[in-house]
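To start, the structure under review is shown below, and the notes come after it.
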Amino acid sequence: MLLLLLLLLASTGDGQAQRVAGKKKNDVCACEVNSTMWSFPVVKYEAVLQQVETCEGSLNNLQEQVQLSHERLPQIEAVIKNVTARLEPHQYLHDQGLYTALSLRMLGQELSQLETDVSDIHSQLNNAQTQKLSKEVGRLSMNVDRMKMADTINLKTVKETLRHLKNGVESCKSIPTDFRGIQKLCFKGLITDISDPVMTKVSPHGKSYISGSWGKQAQIDSEGQKNSYWVQTLLSSHILGNTLRVYQTYEDFMASTNYKDFTFASSYSHADAIEGPSAVLYGEALYYHCYRSADVCRYDMNSNAVKRVTLPGIGVGFNNKFPYCYYDCRTHSDVDVEADETGLWAIYATLGNHGNLVVSRLAWDNEAETLNVSQTWETRLFKKAVSNAFMVCGVLYATRYVDEYREEVFYAFDTATGKDDSSLALPLEKVAKGVASLSYNPTNKQIYMYNDGYLLAFQAHF
C-alpha cells in the first residue's frame, strides 16, 4: 500500500504529481510504472554546469579587467596632469605662434596613445570619471591640432623681424642730442683686451660670504662720492642683503678703515631689501634688484628714501627664474644692474623673449624724483647660458665659464646698432670658481668681479 502511495505521489519532471492506472488481479493491485521520466537529467545538468563555469570564468576576467582599469586610471590621470603641466608653460608660445613642429608631433603622438587608453577604459567602465578623462584628453588634442595648423616657420621669421625692427627703433632713439659729447666718453669698437687682476682683496665680511658686488662709484660727473669705493655683501643665505659699506677713498678701502655702513631695508625680507648679487653705486645712490619683484630700486644715501621702477616685458624673471648659469647657477641672479659711460642699465630675461637676455636703459628724473625705464632691447642670447654680463658704452658683454680659474667674454650686443657678435674670446682670470657679479666702471675703465668672496679688478683696453 505504501508503494502505491509513493507511486501515486511521484513527481514528474515538471514538478506535477503523476496518476498511474492499476488493475486488480488475484486480490492484488498491479500497475505498470515508467520510471524513465524520473531519471536525473545528466545531460542538462552538465550543460548548465558548463554554463555556470563559463560564466564564472567570464566574471573573473571582467573582474580582472575592472581591477586593472582601476589601477591604470590614476596612471592615466597622472599622465594627463603631466601633459597639461607641460603644455601650460607653452601657452604663451601658442598664443604668440612660436613653437617647434617636432615638439608638437611628439606631443600629438603622446596624446593619441592616451586617447586610445582612455577610450578602452571608458568602454569598460563608462562612469563619470572616465567621461571627465575623455573630455580633458579631447580638449588637449584639439589644442595641439590647432597649434599644428599654424605656419610656425613664417611666424618665427616674423617674430625675428619684429625683434630687429624694435631694436632698430630703440637704437635710433638712443642717439643723443650731444652726439660728439658722448663720443668723447666712448670708444670705437669693442674691448680688445682685459688685463690680469690689478687688484685683489678679500670681502670685508670674509671669504665665506660668496655673493655680492663691489666697485668704485660709477657716475662720471658725481661730486659727493667721486672717489668712494663700496661693497654690498649678501649676508643672508648668499641671496639677500640690506646693508651697504662705503669707503671714502681707495686708501681707506685697501686698509679697511674709515667706512660707513648704510641700511636701506629694515630686514632681509623687507620689500626694499636687495635680492641677488648685483648692485651699482651711481652718484650718491645705490641701484639694485628689489626683493621678490620685477623692480629695480634706488636707495638715496642722503635721504634714505627708496624709489623703484618695474622692468618692462612679459614675464620678467625674478625669484631665481632666470639666473646666470652656464656651468654653475648663481642663485637669484635674475636682474643685473649696471652702469657705463651712457648711464644706468638693467640686464634680465623674460618669458616674452623666451628666456633670452633683455637690456633696459634706466633713467633717474631728479626733478620728479622718479626712476624710469627709457628704452629696451631684446637679444637672442639665452640668459642661463651665460655666467655673467656687464655694459660698456652701450654694449652688452656676456661671459661664460672656462675652468676654475678662467672666465671668457664671448658675446657682445651693441644697443647702438642692434647687432651682436659671438666671436669674442677675451679671457678673465679669477682665483675661485664662482663669479657672483661683474661690473664695468666708466671713471677708470676697470671691470670689478665679486669672485666667491674675493674682490678682483681688471683693466679694460680698447
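- Side-chain contact between M254 and M199: present, with at least one pair of heavy atoms (C-beta onward) separated by less than 4.5 Å.
- To the nearest 0.5 angstrom, R308 atom CZ is 7.5 Å from T310 atom OG1.
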(request) Could you give me the CA-CA distance, side-chain angles and deciding distance for Y450 and W214, then say whether ring pair (Phe, Tyr, Trp, His ring centres under 6.0 Å) is met? (result) CA-CA 7 Å; Y450 197 109; W214 77 287; 8.4 Å; no
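- Between the side chain of E284 and the main chain of N302, no donor-acceptor pair closer than 3.5 Å is present.
- Checking side-chain atoms of D420 against main-chain N and O of F413 turns up no donor-acceptor pair under 3.5 Å.
- Heavy-atom minimum distance, F458 versus D196: CD2-C, 4.0 Å.
- The residues D261 and R245 are annotated as salt-bridged, a charged nitrogen and a carboxylate oxygen being separated by less than 4.0 angstrom.
- In terms of modelled atom types and a separation under 3.5 Å, the side chain of Q459 and the main chain of K445 share a donor-acceptor contact.
- A donor-acceptor pair under 3.5 Å is absent between the side-chain atoms of T233 and the main chain of L235, judged by distance alone.
- Of the residues listed (W377, Y397, Y282), the one engaging W345 in a ring pair (Phe, Tyr, Trp, His ring centres under 6.0 Å) is W377, and it is the only one.
- Within the 3.5 Å criterion, the main-chain N or O of V296 finds no donor-acceptor partner in the side chain of H289.
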(request) Give the C-alpha distance, both sets of side-chain angles, the deciding distance and a yes or no for side-chain hydrogen bond (donor to acceptor under 3.5 Å, both in side chains) between N441 and Q446. (result) CA-CA 5 Å; N441 190 290; Q446 289 188 353; over 6 Å; no
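- Separating the CG atom in L381 from the CG atom in L357 is a distance of 5.0 Å, to the nearest 0.5 Å.
- Across Y259, Y247, F253, a single residue satisfies ring pair (Phe, Tyr, Trp, His ring centres under 6.0 Å) together with Y229, and that is F253.
- Distance alone, capped at 3.5 Å, is enough to place a donor-acceptor pair between the N451 side chain and the G434 backbone.
- Between the side chains of Y324 and D336, a donor-acceptor pair is found at a separation under 3.5 Å.
- With respect to L426, the side chain to side chain contact (heavy atoms under 4.5 Å, CB included) criterion is satisfied by exactly one of T399, V409, L190, D193: V409.
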(message) I'd like to know whether N304 forms a side-chain hydrogen bond (donor to acceptor under 3.5 Å, both in side chains) with Y299, so could you lay out the CA-CA distance, the side-chain angles of the two residues, the decisive distance to 0.1 Å, and finally the verdict.
(response) CA-CA 6 Å; N304 293 322; Y299 167 70; 2.5 Å; yes
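- Scanning both residues, T415 and G394, for their nearest heavy atoms gives OG1-O, 2.6 Å.
- Electrostatic pairing of R406 and E429 does not count as a salt bridge here, judged by no charged N lying under 4.0 Å from a carboxylate O.
- If you take CD1 on I191 and SG on C393, they are separated by 9.0 Å, rounding to the nearest 0.5 Å.
- Side chains of E378 and N356 form no contact here, defined as non-hydrogen atoms less than 4.5 Å apart.
- Not a single donor-acceptor pair under 3.5 Å links the side chain of D272 to the backbone N or O of A265.
- Side-chain polar atoms of K201 and S256 form a donor-acceptor pair below 3.5 angstrom.
- The nearest pair of heavy atoms linking A279 to S213 is N-OG, 3.3 Å.
- We find that K383 and D334 are not joined by a salt bridge, their nearest charged nitrogen and carboxylate oxygen being 4.0 Å or further apart.
- A donor-acceptor contact under 3.5 angstrom links the side chains of D252 and T249, judged on distance only.
- The existence of a salt bridge linking R330 and D452 is confirmed by a sub-4.0 Å separation between a basic side-chain nitrogen and an acidic carboxylate oxygen.
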(message) Apply side-chain hydrogen bond (donor to acceptor under 3.5 Å, both in side chains) to residues S360 and T376 and explain how you reach the verdict.
(response) CA-CA 4 Å; S360 286; T376 298; 2.8 Å; yes
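- The closest side-chain donor-acceptor pair between K216 and S228, if any, does not fall under 3.5 angstrom.
- A salt bridge links D300 with R298; the closest basic N to acidic carboxylate O contact falls under 4.0 Å.
- Side-chain contact of Y411 with D421: a donor-acceptor pair under 3.5 Å is absent, judged by distance alone.
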(request) Using the side-chain hydrogen bond (donor to acceptor under 3.5 Å, both in side chains) rule, take T192 and H461 through it: C-alpha gap first, then chi angles, then the decisive distance, then the call. (result) CA-CA 6 Å; T192 58; H461 300 285; over 6 Å; no
(request) Check step by step if side chain to side chain contact (heavy atoms under 4.5 Å, CB included) holds for I274 and L240. (result) CA-CA 6 Å; I274 184 173; L240 307 171; over 6 Å; no
(request) Apply the test side chain to side chain contact (heavy atoms under 4.5 Å, CB included) to residues M449 and V435: give CA-CA distance (whole Å), side-chain angles for both, the deciding distance (0.1 Å), then the verdict. (result) CA-CA 7 Å; M449 176 190 293; V435 176; 4.0 Å; yes
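- Looking at E404, its side chain never comes within 3.5 Å of a backbone N or O of K433 through a donor-acceptor pair.
- Note on E408 versus R400: salt bridge recorded, some NZ/NE/NH1/NH2 to OD/OE distance being below 4.0 Å.
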(request) Report the C-alpha distance between N227 and Q217 in whole Å, list the side-chain angles of each, state the deciding distance to 0.1 Å, and finish with yes or no for side chain to side chain contact (heavy atoms under 4.5 Å, CB included). (result) CA-CA 7 Å; N227 299 309; Q217 191 286 126; over 6 Å; no
(request) Evaluate the criterion side chain to side chain contact (heavy atoms under 4.5 Å, CB included) for residue pair Y326 and N388; output intermediate values, then yes/no. (result) CA-CA 9 Å; Y326 195 81; N388 225 285; over 6 Å; no
